[in-house]
Amino acid sequence: MRKLSALLLGISIHATLAQEPAFKPWDEYRVFMWVGDSAYKQPDKLPLFWQRMRELGVQAAMVHGDGAIQPLLDAKMPYYVENMVNKGLCLKWSSNVRDWDKVVTAWKDTRDEAGLIREYCFDDPKWRAWARTEMASLVKKNAPNKPLLYDIRDELSTTISANPFDYDFHPLALAGFRKWLQTQYPSLGALNAQWETKFATWDDVKPFTTDQTKNRMASGDAIPRGKPDWQAVQRTKFTAEDARKKPTAWNFSPWADHRTYMDISLAGMLDDLRKTARAIDPTTPVGIEGTQMPSAFGGYDLWRLSQSLDWAEPYDIADAREIFGSFMPGKLMLSTTGIDNARNAQRKLWHLLLLGDKGTIVWWSEDCIDWKSADYALTARAKGMIPVFKDLASPVAQLFVRAKRETDSVAIHYSHPSIQAAWMMESAVDGSTWLRRFSSYEATHNKHAQVRHTWIERLQDLGYSPRFISTEQIERGDLKGVTALVLPQSWAMTDAEVKAITSWRGKLLVDGAAGDFDGHGKLRAASAFPSANSPDNIPTLTTLPPIQVPASARVQTHRYTLGKARLVAFERNVNYTMTEDLRQGGGNEGLEKPITFDAELPSPAHAYELRTGKYLGHLSKLPVALDPWQPALFALTAEKLPEGDVVTRLMQ
């Protein structure tokens, strides 16, 4: 069984959650501007710059690391502190591997272990002490000004983004890895039995590289020698029946355990820095920006990361926003938006607001101002965003910011061991070029992520608001209250979660045999649960959606409570997946048409259309005319509201 083993890295997850501080209230939607250098080149024009920002609808800004904060204070502009630890967490900057393409191109020929030593090792006490000092210094500097947030680092990773690479073989990292392994296995003999290795002492233990694991896959040898036969690797394809004839070939444990340790290392470092900040300023949330999709690389186990953060700004790649939202209920979530297309931005930002976002960071001021104009005129693209930000700051939007979002008792399994196993199997076709399977490619080609997304989409079409549940949550008994559980190609499952699911009494939906591998990535003698379901043929579930909509309408339903009232929002269930350069994914043309439908309510209620304030009557079916570019918003009450502005009444 995999344990968090977080104490090794300074994490005590349950203790941390039990001691959540009282953060400053955040009861409005905030628009932040990421301010570039041009704004500060002419200090005498800074007042004009801030005036233009306020005209745009910007309510807050940022300061980079140890940057000057007086201009923000003079302008009375609230701010957050970003990129507080600028060495070691994001290798895109201040590192020897900034040109990642060049690095992997050079390494592909040598493939030597020396190249797998990370420049900044998370187990290096000197670097950790430096990082804590940096964090503490900036918190002390900014705390008196009551910043809105602390951002440890933007676009952090154990590699770059979620690109595949076998960091970290640094001697200190390997020592930490061995120490962690001793919390996972009762003896060296147990580890050797699991890994199918023959280490004589703990000090001899080393993880398998990706190359070694693929060599094992192709040769079937427990301890393969030489270089992989890459053509043989490309021919490998997992089928349970054939794999069990050569089980050693499908034992990923010596590699998967190392991936897990790197995930824990990153999450542990973040929690350490969060604790450093909280010791000085316990009222300001600590988090990160620019997170990646769930991945076997980069440290992107979203469950573990979520337990080390007070807030996050995820890149919404491969449903990362939905996953983080499930694991961080009630915590602050923000987004990043560009200004290239106001209509797309408005639809996306409303969608994220309905998921629980409480603000957005605009990238960036350089695109918003005509710097050559004497009056710092807003660019045409920036002007196009003014009505978007005004809408998000409207009283109607604030209703949803303050309301509590409801989810259903339908859960989707988030299995990071399965993400690891799926990557190893999917990347076989790449042969020796697996290291060029960059996260930008994975975002649109990862089949495992596509299966997960299809399940979300189909359940939403049926009217459900599903949530994700992690391996660790299942192990600790959080299936209580769940009536249906989806296993979307849950290839690898721990013994403890298999036991928990087996004893659970809900409806199990299994897409692809589940638990073919154990929680460490070793092939089992038999699947834990046979494949029985498909997202395109979901059986009727015991618990129906509280508000029922026709599945053919392709509508996503959002439900909330606000005092005694209930709020409901409907939007077309388009694909909002973004790319790493902040562009929104396409393919939604078929859903970009107005539709009308009836939404069946669980019981009659007094219904109000929130954008117009119109009273619709005491209804059991809600007539919905849905614009594909903005959500339809309603309030439902048991008693008819007194005369007057509906939004004002609901705010009271």
Side-chain angles (χ1 to χ4, degrees), residues 6 8-11 16 21 23 32 34-37 40 61-73 79-98 117-160 167-168 170 172-173 176 262 264-291 298-299 304-305 307-313 332 334 361:
L8 280 171
L9 293 150
I11 310 174
T16 299
F23 296 129
F32 293 81
W34 204 99
V35 181
D37 293 340
Y40 297 104
M62 42 62 71
V63 62
H64 183 90
D66 196 28
I69 56 178
Q70 195 59 46
L72 293 158
L73 300 178
Y79 71 95
Y80 75 98
V81 189
E82 75 145 24
N83 291 339
M84 300 174 77
V85 177
N86 266 323
K87 291 183 180 179
L89 290 174
C90 176
L91 300 181
K92 291 181 178 180
W93 309 99
S94 302
S95 83
N96 295 325
V97 295
R98 295 188 299 276
I117 295 176
R118 198 175 188 272
E119 183 179 356
Y120 300 93
C121 174
F122 293 152
D123 289 277
D124 181 356
K126 292 182 179 179
W127 180 78
R128 292 176 73 92
W130 172 85
R132 284 193 293 267
T133 299
E134 287 288 296
M135 193 78 187
S137 174
L138 290 175
V139 172
K140 288 176 182 177
K141 174 183 176 179
N142 287 277
N145 304 318
K146 302 186 184 302
L148 296 172
L149 302 166
Y150 294 125
D151 163 46
I152 298 173
R153 178 63 231 190
D154 181 23
E155 296 188 342
L156 74 177
S157 172
T158 61
T159 62
I160 282 185
Y167 284 152
D168 186 6
H170 191 290
L172 290 172
M262 292 306 298
I264 292 175
S265 295
L266 178 59
M269 189 67 225
L270 295 178
D271 191 66
D272 193 14
L273 294 171
R274 176 173 68 164
K275 288 175 180 175
T276 299
R278 282 184 176 182
I280 302 166
D281 180 3
T283 65
T284 301
V286 182
I288 58 177
E289 296 175 297
T291 66
R304 285 192 165 97
L305 285 178
Q307 303 308 289
S308 298
L309 306 171
D310 301 324
W311 71 277
E313 181 265 304
L332 182 66
L334 303 176
I361 301 168

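Throughout, residue positions are numbered sequentially from 1 according to the sequence presented.
Residues passing the side-chain contact (heavy atoms from CB on, under 4.5 Å) test with T133, sequence neighbours excluded: none. Under the rule for a side chain to side chain donor-acceptor pair (under 3.5 Å), W127 has no partner lying at least two apart in sequence or in another chain. Scored by the ring-ring contact (aromatic ring centres under 6.0 Å, His included) test, Y79 finds no partners at all (sequence neighbours excluded). Applying the side chain to side chain donor-acceptor pair (under 3.5 Å) test to D37 and every residue at least two apart in sequence or in another chain returns nothing. For T158, there are no side chain to side chain donor-acceptor pair (under 3.5 Å) partners at least two apart in sequence or on another chain. The ring-ring contact (aromatic ring centres under 6.0 Å, His included) search around Y150 returns none, not counting sequence neighbours. With sequence neighbours excluded, the residues forming a side chain to side chain donor-acceptor pair (under 3.5 Å) with T283 are D281, listed by chain and number.
Judged purely by atom type and a 3.5 angstrom limit, E313 uses its side chain to pair as donor or acceptor with the backbone of G290. Side-chain atoms of S94 do not come within 3.5 Å of backbone N or O of K87 as any donor-acceptor pair. R274 places a side-chain N or O within donor-acceptor distance of the main-chain N or O of L309, the cut-off being under 3.5 Å.
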Inset, instruction - Before giving the answer on side chain to side chain contact (heavy atoms under 4.5 Å, CB included), spell out for Y80 and I361 the whole-Å C-alpha distance, their side-chain angles and the decisive distance to 0.1 Å. - result: CA-CA 11 Å; Y80 75 98; I361 301 168; 3.7 Å; yes
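Closest approach of H64 to E82, counting heavy atoms only: ND1-OE2, 3.2 Å. G298 and L266 get closest at one heavy-atom pair: O-CD2, 3.6 Å.
Every pair passing salt bridge (charged side-chain N to carboxylate O under 4.0 Å, His left out) that includes a residue from residues 135-154 is listed here, sequence neighbours excluded: D66-K141.
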